[in-house]
Each structure stands twice: as structure tokens, then as C-alpha cells.
Amino acid sequence: MSENTAPSNFIEEAIKEDLENGRFDSVVTRFPPEPNGYLHIGHAKAICIDFGTAEVFNGKYNLRFDDTNPVKEETEFVDSIKEDIRWLGFDWEDREYYASDYFDQLYQWAVQLIQQGDAYVDDLSPDEIREYRGSLTEPGKNSPYRDRSVEENLDLFEKMKNGDFPDGSRVLRAKIDMSSGNINMRDPVMYRIMHAHHHRTGDKWCIYPMYDYAHGQSDSLEGVTHSLCDLAYEAHRPLYDWFIEKLGIFHTRQIEFARLKLSYTILSKRFLKQLVHEKHVNGWDDPRMPTLSGMRRRGYPHQAVRDFIDRVGVAKNESIADISLLEFCVRDILNKEANRVMVVLDPLKLVITNYPEGKTEEMEAVNNPEDESAGTRLVPFSRELYIEREDFEENPPRKFFRLAPGQEVRLRYGYYVKCTDFVKDENGTITEVHCTYDPETRGGYSPDGRKVKGTIHWVSADHALTAEIRNYDRLFNVPDPGNVPEGETFLHHINPNSYELNLNAKLEPSLRTAKPGDRFQFERKGYFAVDSDSTPDHLVFNRTVTLRDTWEKMQNK
RNA sequence: UGGGGGUUGGUCUAAUGGUAGGACGACUGACUCUGAAUCAGUUAGUAGGGGUUCGAAUCCCUUACCCCCAGCCA
């Protein structure tokens with residue numbers, strides 16, 4: 001940030017002050033995921049704040065895996081986390097760290113604290129520790145083991161490290177204040193005994209540091225100037241500072257901000273895990289999931305996610321961002337980047353009775369009106385076409401600009417056609433619409449200048465491709481599924497129509513070469529992305545998001 | 001009834017004692033070979049009550065409501 005740029009939020013403001021008053025002379029931040037799950041849109045906010053803020057100040061940012069609990073963490077997640085962060089467009093270069101890299105240093109520092117009389121080995125059981133901790137309104141009381149000698153503590157701690165004691169039998173605790181109003185300061189546990197295999201350190205350790213003991217020191221070791229985190233850690237800041245001060249090491253500044261919540265979405269790791277394990281969705285990258293891998297598969301461009309995070313802003317106010325803002329950001333990018341294509345989702349046969357049988361014409365269509373460099377393509381036109389079933393009405397309502405008996409419309413990039421007749425089957429279902437075309441209107445322009453109100457899309461019946469189309473919608477039908485009345489859970493509010501399979505669609509032939517990851521606008525319908533399940537013989541599209549539809553809104557009134 | 005945070009239109013967020021502004025949404029209208037996009041406009045807010053001040057979203061007092069903390073999770 002230059003001298004005159006205004007800080008865009010309270011964190012940048014605080015950092016700017018730190019720089020101006022000399023507390024720090026450069027900026028280093030970090031994103032510290034625990035490798036025990038997939039990243040979701042809430043993490044994206046944290047990443048954008050952590051990394052984006054460093055970029056604003058021309059600083060550096062580290063990726064550090066917070067792997068202090070071996071029984072919960074796996075290498076698999078390390079890889080997916082890295083992939084997702086790269087997808088967002090961040091490059092942490094060679095600054096990839098692991099809290100487990102610091103286990104030796106952390107151990108030495110623990111010894112130092114013991115020597116200073118600031119830590120002790122406690123033999124209390126987990127239950128006893130809880131009892132001794134007191135409650136929110138009552139102070140705790142000191143453990144009977146709190147005043148052991150430094151020598152005894154040193155000896156016991158070393159034996160803990162050497163594996164002489166079973167899991168849960170003893171812990172190392174910071175000696176602070178059992179009567180503190182802040183429960184985090186009531187002699188918090190620093191180390192626990194866990195005879196567990198760690199994904200990086202293997203079986204070297206059988207004691208592992210707790211988050212509170214590891215995090216601040218890891219920040220300090222890396223020279224992180226600003227440790228930006230969730231509001232939940234606000235109450236931990238005194239402890240964060242306490243360890244750093246007792247150790248006399250580089251003092252990182254922790255600043256907390258409100259985590260992201262998104263309407264019609266759930267972001268709790270536990271709930272997401274439940275959705276996957278109970279098969280309410282098809283895995284972590286199901287396109288309905290708020291995970292970055294899910295959004296990527298759904299077809300959300302990474303720029304849209306970034307733009308959304310920018311627009312949501314940074315504050316300490318706990319809030320629920322509106323999913324319609326995210327959808328706006330997705331459409332905004334896709335509108336500029338996605339090539340247009342004609343696909344009939346719910347086909348109805350249209351026969352042009354005065355068009356020569358067997359004739360095919362190649363009509364020129366614009367690929368992207370927002371981007372001239374995208375060029376044009378040729379689309380085959382013939383006597384029998386498919387149009388969208390909802391684009392024909394036997395008895396058109398007011399302001400219906402599409403096809404109806406006697407009404408003329410434009411077939412996009414084709415001809416003007418006028419409906420002359422239609423065919424119904426014994427159930428009363430319309431099976432075919434007949435019309436005549438005006439040969440003078442080739443390409444969609446009329447030489448006499450007459451106007452048509454409607455333009456509809458179409459696909460030539462003989463040339464049409466078929467595909468599997470997966471229509472996705474929001475996963476929940478209430479704004480805050482994580483917060484529901486007594487006796488209900490978020491599972492009661494899953495949208496039963498969040499996924500709908502369509503095997504009937506007719507696609508224009510240019511789509512034959514579509515590859516996984518390609519994104520298109522199906523004109524007048526929505527944005528669709530080619531799924532990773534797609535093959536040349538069996539195309540699969542995911543509906544990313546529909547187009548805005550004011551006609552639908554008019555009808556709902 | 002402990003400690004720590006928070007409260008600005010429907011939603012998110014600015015305004016740092018001096019005109020309460022923006023974005024999304026919603027609603028109008030214009031334009032349009034996508035009922036999309038675009039453009040123009042409308043709607044709507046400082047949690048309540050007191051005080052300080054020429055002037056308060058901002059400072060003070062007070063009330064209410066919301067969130068976090070009692071893992072050997074992070």
C-alpha cells in the first residue's frame with residue numbers, strides 16, 4: 001500500500017499504523033490450515049484476508065499446516081488444500097511450513113518454561129482437570145501437582161517425551177492463574193501424551209503440543225508479523241501473548257476478524273463431513289458442496305470467488321453473506337468469458353412446413369457478444385428443429401413474446417417463423433409445432449424492417465447431440481440451516497430438488513469437442529460446465545447457475 | 001450472576017465529531033437477434049433511552065439483544 005492509499009478495512013488500518021509507528025517494518029502473514037478436511041468458501045475468505053493483506057503491503061505470506069494432532073490429520077488433505085489455494089490464484093513459493101517442523105524447538109521452549117517456573121507436569125486425570133478448572137462463573141482451583149520442583153518437572157516431562165507414561169496419564173501445563181476470568185488462562189494444557197503415528201514425524205514423538213502452545217511460537221519462528229484469525233481466538237490472544245512474552249521471542253501481533261457465513265449454506269466442518277458420510281451428497285467435491293473443490297467442479301470461476309470475498313468485506317461483525325451476491329459474481333465473470341451455445345433442455349419438435357426437405361444451411365452465430373475475439377461459428381439449420389417446450393403456448397398469457405398460434409418469432413441466427421399449427425397426442429400433450437418461415441429473413445434480419453418481439457433458440461433435429469445434464473440448485477431451502485428450531489437439524493432442510501438429472505437435452509453439434517472444465521452459456525438458460533465425468537461419447541454438463549429470468553418472476557406474481 | 005467481542009436499509013459494508021454513501025437483492029423504465037447483459041431510476045438504515053456538543057453512527061452513561069470461552073480439538 002502506498003502512503004496515500006486508504007486502508008480498505010480495520011486490519012489494514014492496524015497494520016498501516018504498525019508500519020508507521022515502527023512496530024514492524026514489513027509484513028508477513030500466514031494461512032494455517034489443519035490438514036483434516038477440505039477447504040470451503042469460509043476458508044477462502046481467510047486465505048484472501050491472510051494472503052491478500054500481505055500482497056497489499058508488498059509483504060510475504062506463508063502456508064503452514066497446523067499438524068499438531070496426529071490422530072486427526074492426513075497427507076491426503078495436505079494435497080487437496082494446496083490444490084485449492086493454487087486454484088484461488090495464490091503462490092506461497094517455497095514458504096510451505098508445518099507446525100511439526102518446530103516440534104524440537106517447541107520442546108526446548110517447554111523445558112525453558114519449566115526452568116523458569118512457568119510450566120509444570122500435572123498428574124490429574126482429564127476429568128479431574130475439568131473439575132479443577134471451575135466454571136464460567138466460578139474460579140478454578142490449583143492442582144495438587146502445581147508446585148512440584150523444577151527438577152521433578154524436568155524429569156517427568158522428559159519421561160513423558162520418552163514414552164514412559166500411557167496416553168492421558170499426565171500433561172504439561174502452563175502455570176498462569178486458576179482464578180482468571182478468562183478460562184483459557186487457567187493453566188492451559190501445553191502437551192499431551194499420544195502414542196500415535198504422525199504423518200510427517202512418524203513415531204519420533206509421543207507427546208504433542210496443543211494449538212495454543214504451538215501456534216504463536218510457530219508464527220514467531222517464521223517471522224510472521226500479523227497473525228490474522230477467526231474471532232473465536234480472541235479469547236486466546238492473552239495466552240498467545242503470554243507464551244511469546246515468557247519466552248522472550250519475536251512478538252507477532254494477532255488480529256481477529258469475523259468468519260464468513262453464507263445463506264442457504266452450511267460451513268461447519270462437522271456438518272459437511274456428515275453430508276458426505278451419510279451420502280446426502282456425492283463426496284466432498286459434489287457440485288452442491290460449498291467446498292472449493294465442489295465449486296470448482298460446479299463451474300464457478302476462481303475469480304468469482306475472489307471477487308465475492310472482496311465484496312463481502314472484512315469486519316468483526318458476525319454476519320451471513322447473501323448467496324445471491326456469490327451468484328452475481330459468478331454470472332459477472334461467466335458473462336464476460338463463457339462462449340454462447342444453443343441447447344434445448346426440454347425439446348419440442350418444430351417443423352417448418354415450407355422449408356425444403358433434406359436441405360441444410362450453415363448459420364453463423366456469435367460466440368460471445370461480450371468478447372469479439374471469441375469469433376463466430378456455424379450452426380446447422382434444417383426443416384425439423386427442436387425448440388424449448390416452454391417457448392410455445394397454445395393459449396399465450398399476456399406479454400408472452402414466444403411462439404403461439406399465429407404469432408411470429410425469430411429463431412436466433414436463423415429465420416423468422418410463424419406458427420400455423422400444432423399436434424397433440426391422446427393425452428393432450430403437444431408433440432409437434434408447425435410453422436412457416438420467411439426466406440427473406442435469413443440470419444434473423446427482415447429486409448422490410450418488421451419487428452418480432454421474441455427470439456428463441458433451437459437445435460437442428462438431425463444434427464443434435466445428446467448429453468447428461470445435471471441441474472444443481474442450492475442444497476438447503478432455509479437461509480440459515482445451521483440455526484434451526486429445537487428438535488430439528490440442518491438435515492430437515494435439505495432441498496429435495498437440489499439435483500435433477502436431465503437426459504433429454506438436444507445440443508448443437510459444436511459441443512462435440514467440449515472438454516472437462518469448459519464453461520458455456522446455454523443461451524437463455526444458464527451457465528454450464530463440463531463435468532470431470534464427461535467423455536467424448538457421453539457428455540456431462542453441470543449447471544453452474546441459471547441466467548436471471550425476469551419472465552419467470554413476472555409469472556410468479 | 002465470570003471473561004472477551006458485537007449491533008448502520010432485506011443482506012454485506014463505508015462514513016474515524018461536520019451532507020449517512022456503495023454493492024447485492026427487490027421494484028420501475030429504456031435498450032436489446034439471449035425476457036441475459038447493459039443503462040437510468042425507485043425503495044429502504046444508525047438497536048432503545050438519556051447526556052456532552054453549534055453539530056453525534058462516531059464521545060459519555062444506561063438498557064436490550066446476539067456471538068465466543070468450561071477439549072488432553074484447532
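Quick note on labels: first sequence line is chain A, next is B, and so on, each numbered from 1.
Listed by residue number, A:R192 are the residues of residues 190-201 of chain A with a heavy-atom contact under 4.0 Å to RNA chain B. Of the residues in residues 364-373 of chain A, those placing a heavy atom less than 4.0 Å from an atom of RNA chain B are A:P369, A:E370, in numerical order.
Between the NZ atom of A:K336 and the P atom of B:U34 there is a distance of 19 Å, given to the nearest Å. Whole-Å rounding puts the A:L345 CG to B:U34 C1' distance at 14 Å. In this structure, A:M185 atom CE and B:A70 atom P are separated by 15 Å, rounded to whole Å. In this structure, A:L547 atom CG and B:U32 atom C1' are separated by 14 Å, rounded to whole Å. Across the protein-nucleic acid pair, A:Q521 atom CD and B:U34 atom P stand 11 Å apart, rounded to whole Å. We find that CG of A:D230 is positioned 10 Å from P of B:C69, with the value rounded to whole Å.
In the set B:G35, B:A74, B:G2, the nucleotide with an atom closest to the side chain of A:D66 is B:A74. Each of B:G6, B:A36, B:G35 was ranked by its minimum atom distance to the side chain of A:N335; first place goes to B:A36. Nearest to the side chain of A:F328, among B:G5, B:G25, B:C73, sits B:G25. Looking at the side chain of A:R311, the nearest of the listed nucleotides B:C24, B:C12, B:A74 is B:C24. For A:R548, counting side-chain heavy atoms from C-beta on, the closest listed nucleotide (B:A74, B:C12, B:A36) is B:A36. If you check B:G5, B:U13, B:A74 against the side chain of A:K316, the one that comes closest is B:G5. Distance from the side chain of A:R130 is smallest for B:A70 among the nucleotides B:U16, B:A70, B:G5. Listed nucleotides B:C24, B:G35, B:G5 differ in distance to A:L325; the shortest reach to its side chain belongs to B:C24. Distances were taken from every side-chain heavy atom of A:I183 (C-beta onward) to each of B:G5, B:C69, B:C72; the shortest belongs to B:C69. For A:D549, the listed nucleotide lying nearest its side chain is B:G35; candidates were B:A74, B:C72, B:G35.
Below the 3.5 angstrom threshold, one finds no donor paired with an acceptor across the side chain of A:E318 and the base of B:U7.
Using a 4.0 Å cut-off between a side-chain N of Lys or Arg and a carboxylate O of Asp or Glu, A:D310 and A:R306 do not qualify as a salt bridge. In this structure, A:R340 does not pair ionically with A:E508, as no charged nitrogen and carboxylate oxygen lie closer than 4.0 Å. Salt bridge A:D67/A:R200: absent, no basic N to carboxylate O contact under 4.0 Å. Between A:R402 and A:D391 there is a salt bridge, since a side-chain N of the basic residue sits under 4.0 Å from a carboxylate O of the acidic one. Ionic pairing of A:E440 and A:R450 is not present here: no N-O contact between side-chain nitrogen and carboxylate oxygen is shorter than 4.0 angstrom. Contact check on A:E256 versus A:R237 returns a salt bridge, with a Lys/Arg side-chain nitrogen under 4.0 Å from an Asp/Glu carboxylate oxygen. Ion pairing of A:D332 with A:K336 is present here, as a side-chain N (NZ or NE/NH1/NH2) and a carboxylate O approach within less than 4.0 Å.
Rounded to the nearest Å, the gap between the C1' atom of B:G2 and that of B:A57 is 31 Å. For B:A26 and B:A36, the P atoms lie 12 Å apart once the distance is rounded to whole Å. Nucleotides B:U46 and B:A15, compared at atom C1', are 11 Å apart to the nearest Å. Taking the P atoms as reference points, B:A23 lies 11 Å from B:C39, given to the whole Å. The P atoms of B:G17 and B:U58 are separated by 12 Å, rounded to the nearest whole Å. Rounded to whole Å, the C1' atom of B:C68 lies 26 Å from the corresponding atom of B:A14.
Residue ring and base: A:Y211 does not count as stacked with B:A74 (centre distance below 5.5 Å and interplanar angle below 30° not both satisfied).
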Going through the checks in order, is the salt bridge (charged side-chain N to carboxylate O under 4.0 Å, His left out) test met by A:K553 and A:D549?
CA-CA 7 Å; A:K553 275 186 207 160; A:D549 190 346; over 6 Å; no
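Regarding contacts with the backbone of B:A36, a side-chain N or O of A:T550 is found under 4.0 angstrom from either OP1 or OP2. For the OP1/OP2 pair of B:G35 and a distance below 4.0 Å, the side-chain nitrogens and oxygens of A:R402 include no atom meeting the criterion. When the side-chain nitrogen and oxygen atoms of A:S135 are compared with OP1 and OP2 of B:G2, none of them lie within a distance under 4.0 Å. The phosphate of B:U13 has OP1 or OP2 within less than 4.0 Å of a side-chain N or O from A:S319. For the OP1/OP2 pair of B:G71 and a distance below 4.0 Å, the side-chain nitrogens and oxygens of A:R133 include at least one atom meeting the criterion. For B:A26, the OP1/OP2 oxygens have a side-chain nitrogen or oxygen of A:K553 closer than 4.0 Å. Using a 4.0 Å cut-off, no side-chain N or O of A:N182 falls inside it from OP1 or OP2 of B:G2. Under 4.0 angstrom from either OP1 or OP2 of B:U8 there lies at least one side-chain N or O belonging to A:N317.
Aromatic rings of A:W109 and A:Y213 (six-membered ring for Trp) have centroids beyond the 6.0 Å cut-off, not under it. A:F528 has its ring centre no less than 6.0 Å from the ring centre of A:F541. Under the 6.0 Å cut-off for aromatic ring centres, A:Y527 and A:F520 do not qualify, their centroids lying 6.0 Å or more apart.
Where A:I320 and A:N483 meet RNA chain B, the nucleotide closest to each residue was compared, and A:I320 sits on the side nearer the 5' end. Mapped onto RNA chain B by nearest heavy atom, A:D123 and A:A232 fall at different nucleotides, with A:A232 at the one closer to the 5' end.
Side chain of A:R524 to backbone of A:F522: no donor-acceptor contact under 3.5 angstrom is found. Under a 3.5 Å cut-off, the side chain of A:H215 and the backbone N or O of A:M210 do not form any donor-acceptor pair.
Under the Watson-Crick and G-U wobble criteria, each requiring two contacts below 3.5 Å, nucleotide B:G2 is paired to B:C69. With both pairing distances under 3.5 Å, B:C27 is matched to B:G41 as a Watson-Crick or G-U wobble pair.
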